[in-house]
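Atoms within a ligand are numbered from 1 in the order they appear, just like the ligands themselves.
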Amino acid sequence: MTDGSSSRAESAAAQPSRLACAPVICCGSRPSKGGSLTLPCPAKLNVFLEVLSRRSDGYHELDTVMLRTQFCDMLTMEDRSDGQLRLRFSEATPEHLRHGVPLDDRNLILRAAEALRRRAGIEFGADLILHKQIPPESGLAGGSSNAATALRGLRQLWNLDVTDETLHEIAASLGSDLNFLLSGARAAVCTSRGEVVRPVPIQGPMFFAAVRPGQGNGTGAVFRGVEFSSPRRNSSEVVACLANGDHRKLAACCFNRLALPAQSMNEEMADLMSALERIFRRPVFMSGSGSTVFLLCESRVAAMSDLRQMEVRLRRKGWLLEV
Ligand code: C5P
């Protein structure tokens with residue numbers, strides 16, 4: 001079965017990497033006073049992640065398959081006439097999701113906005129209101145997605161004559177996951193340090209039951225814990241399963257090289273993965289550097305049932321991820 005969004009991904013697949021951005025109107029003139037827009041910042045899920053080598057710049061060469069999910073933060077961008085950039089949480093953002101998310105220039109949203117202004121040679125301002133739902137340090141790229149949306153949204157709000165390629169260059173300078181989220185692809189193989197995006201076709205809707213332990217994982221520390229002794233895998237089998245809609249086989253070839261080092265650093269996550277395996281008798285995977293872990297599910301109903309079981313048997317509230 002193929003839905004509307006998969007044909008979008010397939011048409012994106014025909015485009016060169018890094019260039020597939022959602023279209024916006026660019027006329028280069030000052031926006032009308034009081035302009036505002038709200039856009040989603042979708043979470044990504046890694047269904048495959050192999051670490052190929054350590055690079056001299058401290059990063060790692062990757063072969064990873066990322067999926068764009070429906071689970072998202074929302075970012076509202078409002079024009080400001082005084083040239084300032086101000087970031088705040090929406091009133092509805094839960095208290096526990098605010099911890100560990102700075103609102104100053106350490107936040108990727110403000111760094112993205114500043115980099116865009118520099119590149120465009122403008123000093124326009126904006127109020128940025130973040131409605132957070134994606135937990136930080138969860139391997140779902142919430143912060144990167146916020147920044148990717150800020151780049152796309154502010155270009156539109158400020159009517160900037162900035163190409164998709166330039167947005168992708170800025171994105172790559174800010175982190176490794178932004179380019180996939182900026183591309184708008186539903187599924188992609190991401191290589192280099194993650195910023196080179198090759199959209200791939202994906203059949204049918206996919207459902208995951210995801211859950212996170214209390215403690216998050218620091219990405220840098222998890223990467224430093226990788227051991228390179230075993231032979232490397234590649235993403236081709238996972239890509240074929242996505243293209244064929246063979247979700248059963250997919251469960252047999254999902255893989256994440258970062259799972260072992262993450263488990264040894266986060267005992268709570270390791271225990272959660274073991275408990276899930278015991279209860280569901282199915283493989284349990286980790287997204288990115290964790291600490292979100294997930295099960296593949298055959299349908300939305302099956303995923304909701306898994307989530308209910310997690311709540312009853314583990315007293316943990318997970319969430320549905322849909323691709
Ligand atoms: O790119 P990003 O800022 O999200 O990466 C966070 C950290 O994760 C990096 O500072 C680096 O330590 C590690 N990382 C890596 N190799 C990658 C991506 C991230 O070592 N390909």
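- Under a 4.0 angstrom heavy-atom cut-off, L62 registers as being in contact with ligand 1.
- For atom 15 (C) of ligand 1, the nearest protein heavy atom (residue, atom name, distance) is H60 ND1, 3.5 Å.
- Atoms of ligand 1 lying under 4.0 Å from at least one heavy atom of R193, given by number and element, are 17 (C), 18 (C), 21 (N).
- Annotation for ligand 1: atoms under 4.0 Å from non-hydrogen atoms of G220 are 8 (O), 12 (O).
- Between N46 and F294, the shortest heavy-atom contact is O-CZ, 3.5 Å.
- Here Y59 has heavy atoms under 4.0 Å from ligand 1 in both its backbone and its side chain.
- Close contacts of ligand 1 with G175, meaning ligand atoms under 4.0 Å from a residue heavy atom, involve 1 (O).
- If you take SG on C241 and CD on E237, they are separated by 6.5 Å, rounding to the nearest 0.5 Å.
- Applying the 6.0 Å contact sphere to CD of E298 captures no more than 12 heavy atoms from other residues, nucleotides or ligands.
- Side chain of S305 to backbone of V301: no donor-acceptor contact under 3.5 angstrom is found.
- Hydrophobic clustering (side-chain heavy atoms under 4.5 Å, transitive across Ile, Leu, Val, Met, Phe, Trp, Tyr) groups L103 together with L154.
- Not a single heavy atom of G194 sits closer than 4.0 Å to an atom of ligand 1.
- Of the possible donor and acceptor atoms, none in the side chain of W158 sits under 3.5 Å from a partner among the backbone N and O of E123.
- Inclusion of S176 in the set of residues having an N or O under 3.5 Å from an N or O of ligand 1 is warranted.
- Nearest protein neighbour of atom 8 (O) of ligand 1, counting heavy atoms only, is T219 CG2, 3.2 Å.
- Under the 3.5 Å distance criterion, with hydrogens and angles disregarded, no donor-acceptor pair is assigned to the side chains of S287 and R212.
- Considering only non-hydrogen protein atoms, atom 13 (C) of ligand 1 sits nearest to F223 CD1, 3.6 Å.
- The distance from ligand 1 to the heavy atoms of G58 drops below 4.0 Å at these ligand atoms: 20 (O).
- Between R282 and D306, at least one side-chain nitrogen of the basic residue sits less than 4.0 Å from a carboxylate oxygen of the acidic one, meeting the salt-bridge criterion.
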